[in-house]
Amino acid sequence: MTDSTTTARDYRETLFLPKTDFPMRAGLPKAEPKWLERWNRIDLYRKQREAENALGQWTLHDGPPYANGHIHMGTALNKIHKDIVNRSHQMLGHDANYVPGWDCHGLPIEWKVEEEFRSKGRSKDDVPASEFRARCREYAAGWVDIQREEFKRLGVIGDWDDPYLTMKPQSEADICAELLKIARTVQLYRGSKPIMWSPVEQTALAEAEVEYADRRATAIYVKFPVKAYTNETLQLTIEAAEKVRSENPDGADIIAEGLNYVKRKHGEFNGAYVVIWTTTPWTIPANRAVSFSSKIQYGLYEVTEMEESDFEPWSKPGDKLIVADDLWETVSKSGLIKSANRLTDVDPKGLVLDHPLKDMADANGKYDFPVPLLEGDHVTADAGTGFVHTAPSHGEDDYIVWMSNQKKLEALGIDPVVPMTLDDKGCYTDVMPERFQGLDVIRTSGKKRGQDGKANPEVLKALVECGNLLARGVLTLRDAHSWRSKAPVIRRATPQWFISMSKAGLRDKAMAAIEQTQFWPPRGKNRLSTMVADRPDWLISRQRNWGVPITVIVHEDGRLHTERDDADAIDARILAAVEKDGVDGWFDTPVEDFLGGDADGWTKVTDILDVWFDSGCTHAFCLKRRDDLPDRADLYLEGSDQHRGWFQSSLLESCAVYGEAPYKGVMTDGFVVDNKGLKMSKSLGNTISPEDISKQFGAEIMRIWVSSSDTYNDLRIGKEIIQTNADAYRKLRNTLRYMIGALDGYSDAEAVDYADMPALEKWVLHRLSEISAQHEGWVRDHDHKRIFSTLFNFCTVDLSAFYFDIRKDALYCDPLNSTRRRACRTVMHEIFLRLTTWLAPVMCFTMEEVWQARFPSEDGSVHLETFHTCPEAWRNAEIAEAVEGVRAFRMEAYEAMEAMRKEGSLKSSLEASVRAPKSRLAKERAVLGLTDESSYEDPSNPSDVLADYLIVSKCLLNIDSDDMLVTDLKCAEDWKKCERSWKYFQGEGEITPRDAAAVAAFDQG
RNA sequence: AGGCCGGUAGCUCAGCUGGUUAGAGCGCGCCCCUGAUAAGGGCGAGGUCGGAAGUUCAAGUCUUCUUCGGCCUACCA
């Protein structure tokens, strides 16, 4: 007992201040790994699987990153985003089992490994294929391990001990099995097509495997002589056409028109040339046609005068050239033609030309075929001559034009077969005249790798010999290059395997499946369906080593083993071999073993599958294979580039085999760009690595960045943005820390019933229930940005600046067991339960730290909680409205108080006495049960007065005017500052009656 | 070149079917507190909605054009 009359007591010790060891500063970079260790120790992933999970499975199926290189911001974003989505559904009550995976086959790894061997002095041809593949496997496994650790560091939870890999033998076997299922349908076929081919790597490339870069090219103008019909050939042509006409009534008109045209015009065009322009001279020997457009106006020009020049020009006065009128000027300039007369309009329809190399030395009649003019949509008058030299074996458009004009070709007696003019190395084959055979188009080795080979000069030379080169020049153009070797890519006809989009209605099935799928954002549906609607048949074969083989056995006569009666048994043997030894099981097993006899004329296909086919099968070898996953996923979530990639390959593969999409929903992320919105690149020096952020700020900051960003569009990141998120983190951390301190020693025993709570507490519970109601909807709609900003605003605006600020007085100064104080703690506990669980999917580390601070345990985790729902009774719109009314009133008062602070009179808000019109807050006070007294009716069990809401010492509604008046109680007579609560009061003693009651209770213990 | 998408205060985001002085938080400035203290509170200044034209009584919100940025695709004969 102290003598209170003589010495002033230090009341600080009688206060109930927040008490906690919870550090204000997080030290995330060091703390996070410790939480990861804990989760690993308690096997959190397993515990989540074994939890009640009343709502059943909800599955996000992981899209496999490529097992090569460190993760970057894009992969970090994607994995964190998936993790937030997964954790949210887990806490909703689902079993959200996340099985991560990797894409392990493919060219980039193969290339790295080739380089590796090369650096050891072993060329690719010296290394046995199985050794090579074994090294690829090792290489991929190495990166899987590295990336696994990098992903785990981000806080991503999943089955890291048993992820799926496209290169596991079981996966490889399942991929083969999928292919064999397709091979049993008409959907798999062999075709020949000009495809992107890299002579340097000697492989076909998918669109995704090329990049566009500048290339210096030799551009030439070539003259194609209009065929001078002899009476004899004309007669033969007419007879052939008449025959076709009688057999094909449909095309009769066209043929008749063409014939008439030829008859009428060939005299006029005698000695004339159709001029084409090309930047790939080496394709001239493969020329089979010239394309034109009926939308372009062509004219016949007769050269009258040539420019002076140092060398003998390739044209001379009297030459007659046919060119698009819009392009004549450029053409004539390039050809050093000074002037010319335009003789007449030309409709190229029906013209037939001679090959420009027909008369070269050693042609040996190989170019004696007629070169027809074919109409093509791809022809424009933007560049060149308005005519497009067409080599069906070396261009997509060329091929299409060629194939769609089969009847016309037949009519002209032309062999429609697409010639295979180049071999794997990009050298002319023996279908070419002898002088060209073996010449390379692109140098495939040495210092000049990627530059022009011997083909171009020889073609030029031959054209000059024939007098059919009009002009030549050099220009720079953007053209396809291999993404690995950076060498130019050519288009070359080769035999390939395709999956047909139409033969079994794959396109229709896929389009229907897209209709059944939900997309976030909705525009994804449009994007995917446009792509599927337009795409050509799926080219799935690659002439490489590191991949899943096309496990098909073909007969010389063209049959596939799947057509044999014993196909089931053969398939079983193939799959067993691959299951046992991986892809080597296919390559190393003799064909007889698979066929079980009758192997004559049968050979194994040695092509491998496009890696997109591999990853398109993840649903088969992961979802359908694993017992703990459903057959179809609820969600696929990848970068928006995967509309062209995994979303599509998965869709097509699944539709081809199962007739439905492997997913119910598809969500896309935007791309990570720098703070100015530009894409990150090494050359711009604006890259940021996830590792750097983890080390400097913590993965948690990256997670907050993800959840506060608009992931449907591009996400910016930069120093300032990271700092903003770090600030947000600190704010949240402190809010939680305050609650931990305020709840020190709290137990359910002190909880106050809802009915007995002050209105302010009921308001908080109302707010919780309001947020809670929206929260579940936002989780199901993956609207994490909204969740985060709502919770953040709730913390700063509602809690920190309002509720906590008001309740500090009650918390610190009210008698320990008074209702108001206990009600506040009860409510804080409810806030804590919800806030921590709502934030846990994003701030997985800190919410665990916060949770353990309040509920320490050896093996517990906030991540085993579900979201806490709110009783319906907490909804109280009336109180909500009343509190908002008081809040608005409070802001007015603060405005007035601020003016006094500026004058220098008022300091702390507790020094203020506020007086306002008596008409104000009538309804609010009634609803909230507030008096405008400045003292409590029952000091030992205080209930709110209006002044408490304003954190002032007095608030009286007694003025007749509209003014709001603030006076400074420091200067008021009779008023003194309570030594304990720092409130100003009138009356006896050095502390207010409420504080006296609290101290008395405190002293009693 | 084509397709799709985006450009709202310094930053991150809200702004539904067009309709009062365009909102929030952060940051910033000034101030208060010193019993959440490498914390907490208050007040305030910042956008005319990338630009232009148009439709309308009325546009950030519709149309067209344009510019910048992103993803994808094609072409480059």
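Computed from a predicted model, the values in this text were never measured in an experiment. Just so it is clear: chains get the letters A, B, ... in the order the sequence lines come, proteins before strands, and each one is counted from 1.
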Enquirer: Should A9(B) form a Watson-Crick or G-U wobble pair with both distances under 3.5 Å, which nucleotide is its partner?
Expert: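 Partner of A9(B): none found under 3.5 Å.
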Enquirer: Carefully, step by step, assess L799(A) and F794(A) under the rule side-chain contact (heavy atoms from CB on, under 4.5 Å).
Expert: CA-CA 6 Å; L799(A) 295 182; F794(A) 176 63; 3.7 Å; yes
Enquirer: Would you say the side chain of R786(A) and the base of C13(B) hold a donor-acceptor pair, judged only by whether the two atoms sit under 3.5 Å apart?
Expert: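 In this structure, the two groups form no donor-acceptor pair.
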Enquirer: Under the side chain to side chain donor-acceptor pair (under 3.5 Å) test, which residues partner N675(A), sequence neighbours left out?
Expert: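 Per chain and number, N675(A) pairs via side chain to side chain donor-acceptor pair (under 3.5 Å) with no residue.
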Enquirer: Of K977(A), R9(A), R980(A), which is the lone residue that meets salt bridge (Lys or Arg N to Asp or Glu O under 4.0 Å) with D995(A)?
Expert: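 Single pass found, and it is R980(A).
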Enquirer: Taking only the P atom of each, what is the distance from U61(B) to U8(B) in whole angstrom?
Expert: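 Looking at atom P only, U61(B) and U8(B) are 13 Å apart.
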Enquirer: Taking the same atom, P, in A58(B) and in U20(B), what whole-Å distance lies between them?
Expert: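 Comparing P positions in A58(B) and U20(B) gives a spacing of 14 Å.
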Enquirer: Provide the Watson-Crick or G-U wobble partner of G19(B), both distances under 3.5 Å; none if there is no partner.
Expert: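 Base-paired to C57(B).
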Enquirer: Both distances below 3.5 Å, Watson-Crick or wobble geometry, any strand: find the nucleotide opposite A74(B).
Expert: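 When the pairing criteria are applied, nothing turns out to pair with A74(B), so the answer is none.
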Enquirer: Determine the interatomic distance between P on G42(B) and the same-named atom on A24(B); round to the nearest Å.
Expert: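 Pairwise P distance, G42(B) against A24(B), rounds to 14 Å.
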Enquirer: By nearest heavy atom, map R644(A) and Y712(A) onto RNA chain B; which one lands nearer the 5' end?
Expert: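 So the residue in question is Y712(A).
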Enquirer: For F802(A) and G42(B), what is the distance between atoms CZ and C1' respectively, to the nearest whole Å?
Expert: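 Computing the F802(A):CZ to G42(B):C1' distance gives 14 Å.
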Enquirer: Measure the distance from CZ on R703(A) to C1' on U12(B) and round it to the nearest whole Å.
Expert: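 Rounded to whole Å, this separation is 19 Å.
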Enquirer: Of the options C72(B), C71(B), C43(B), whose atoms approach the side-chain atoms of E895(A) most closely?
Expert: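 So the nucleotide nearest the side chain must be C43(B).
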Enquirer: With heavy atoms under 4.0 Å as the rule, sort T530(A) into base, sugar-phosphate or nothing.
Expert: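 Touches nothing.
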Enquirer: Report the residues that fulfil ring-ring contact (aromatic ring centres under 6.0 Å, His included) with Y984(A), sequence neighbours left out, ordered by chain and then residue number.
Expert: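 Per chain and number, Y984(A) pairs via ring-ring contact (aromatic ring centres under 6.0 Å, His included) with no residue.
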Enquirer: Give me the distance, rounded to whole Å, that separates U48(B) from A1(B) when you measure between the C1' atoms they each carry.
Expert: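 Those two atoms are separated by 35 Å.
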Enquirer: Can you check the distance between G15(B) and C62(B), where both ends of the measurement are the P atom (answer in whole Å)?
Expert: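 After rounding to an integer number of Å, I get 13 Å for this pair.
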Enquirer: May I ask you to say what G741(A) touches in the nucleic acid, namely base, sugar-phosphate or nothing, with a heavy-atom cut-off under 4.0 Å?
Expert: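 No contact.
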Enquirer: With no hydrogens and no angle check, just 3.5 Å: does a side-chain donor-acceptor pair link H643(A) and T668(A)?
Expert: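 Absent: no donor and acceptor within the cut-off.
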Enquirer: Which part of the nucleic acid, if any, lies within contact of R523(A), taking any heavy atom under 4.0 Å across all strands shown: a base, the sugar-phosphate backbone alone, or nothing?
Expert: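 Sugar-phosphate only.
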Enquirer: Nearest 0.5 Å, what's the SG-CG distance between C795(A) and L732(A)?
Expert: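 These two atoms lie 5.0 Å from each other.
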Enquirer: Can you tell me how far C1' of C13(B) sits from CG of L715(A), to the nearest Å?
Expert: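 My rounded result for the distance is 12 Å.
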Enquirer: Using the P atom on both, measure G23(B) against C16(B) and round to a whole Å.
Expert: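 14 Å, rounded to whole Å.
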Enquirer: Using Watson-Crick or G-U wobble geometry with both distances under 3.5 Å, which nucleotide pairs with U34(B)?
Expert: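 Base partner found: none.
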Enquirer: Under 4.0 Å, counting only non-hydrogen atoms across every strand here, what does H389(A) touch: a base, just sugar-phosphate, or nothing?
Expert: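 Since only primed, P, OP1 and OP2 atoms lie under 4.0 Å of H389(A), the category is sugar-phosphate.
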Enquirer: Each nucleotide in nucleotides 31-38 of chain B should get exactly one letter: B, S or -. Can you fill that in based on protein heavy atoms under 4.0 Å?
Expert: SSSSBBSB
Enquirer: Flag the pair M828(A) / R807(A) as yes when at least one side-chain heavy-atom distance between them is below 4.5 Å, and no otherwise.
Expert: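 When only atoms from C-beta onward are counted, R807(A) and M828(A) do not touch, as no gap falls below 4.5 Å.
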Enquirer: If I pick the C1' atom on G46(B) and the same atom on C26(B), what distance separates them, to the nearest angstrom?
Expert: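 Each nucleotide's C1' atom is 14 Å from the other's.
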Enquirer: Where does G42(B) land, syn or anti, given syn is within 90° of 0?
Expert: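 Anti.
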Enquirer: If you only use heavy atoms from C-beta on, which nucleotide in C13(B), G70(B), C26(B) is closest to the side chain of S709(A)?
Expert: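 Of the candidates, C13(B) comes closest.
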Enquirer: According to the Watson-Crick and G-U wobble definitions, with both distances under 3.5 Å, which nucleotide is paired to C28(B)?
Expert: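 Pair assignment: C28(B) / G44(B).
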Enquirer: In terms of the angle between their ring planes, are Y949(A) and F802(A) parallel, tilted or perpendicular, with boundaries placed at 30° and 60°?
Expert: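 Geometry flag for F802(A) against Y949(A): perpendicular rings.
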Enquirer: Taking the same atom, P, in G19(B) and in C75(B), what whole-Å distance lies between them?
Expert: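 Their P atoms lie roughly 45 Å apart.
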Enquirer: Would you kindly give the CG-to-P distance between D798(A) and G40(B), to the nearest whole Å?
Expert: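 After rounding, the gap between these two atoms is 16 Å.
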Enquirer: Rounded to the nearest angstrom, tell me the gap between atom CG in D809(A) and atom P in G41(B).
Expert: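 Going from D809(A) (CG) to G41(B) (P), I get 17 Å.
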Enquirer: Can you find a heavy atom in the side chain of D948(A) that is under 4.5 Å from one in the side chain of K983(A)?
Expert: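 Side chain of D948(A) against side chain of K983(A), heavy atoms only: contact under 4.5 Å found.
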Enquirer: Nearest whole Å is fine: how far is U12(B) P from K719(A) NZ?
Expert: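 Whole-Å distance recorded here is 16 Å.
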Enquirer: Distance check needed: A24(B) C1' versus E884(A) CD, whole Å only.
Expert: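 So the CD-C1' distance, E884(A) to A24(B), works out to 14 Å.
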Enquirer: Report yes or no: do T390(A) and S291(A) form a side-chain donor-acceptor pair below 3.5 Å?
Expert: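 Judged by distance alone, the side chains do pair up.
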Enquirer: Using heavy-atom distances to pick each residue's nearest nucleotide on RNA chain B, tell me which of I951(A) and R491(A) is more 5'.
Expert: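 Taking each residue's closest nucleotide, the earlier one in sequence belongs to I951(A).
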Enquirer: Picking from C43(B), C75(B), C72(B), which would you name as closest to the side chain of D641(A)?
Expert: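 Ranking C43(B), C75(B), C72(B) by closest atom to the D641(A) side chain puts C72(B) first.
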Enquirer: Select one nucleotide: of U12(B), C4(B), C43(B), the one nearest the side-chain heavy atoms of R527(A).
Expert: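 Within the option list, the nearest is C4(B).
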Enquirer: CE of M897(A) versus P of G44(B): gap in Å, rounded?
Expert: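 Nearest whole value for this atom pair: 13 Å.
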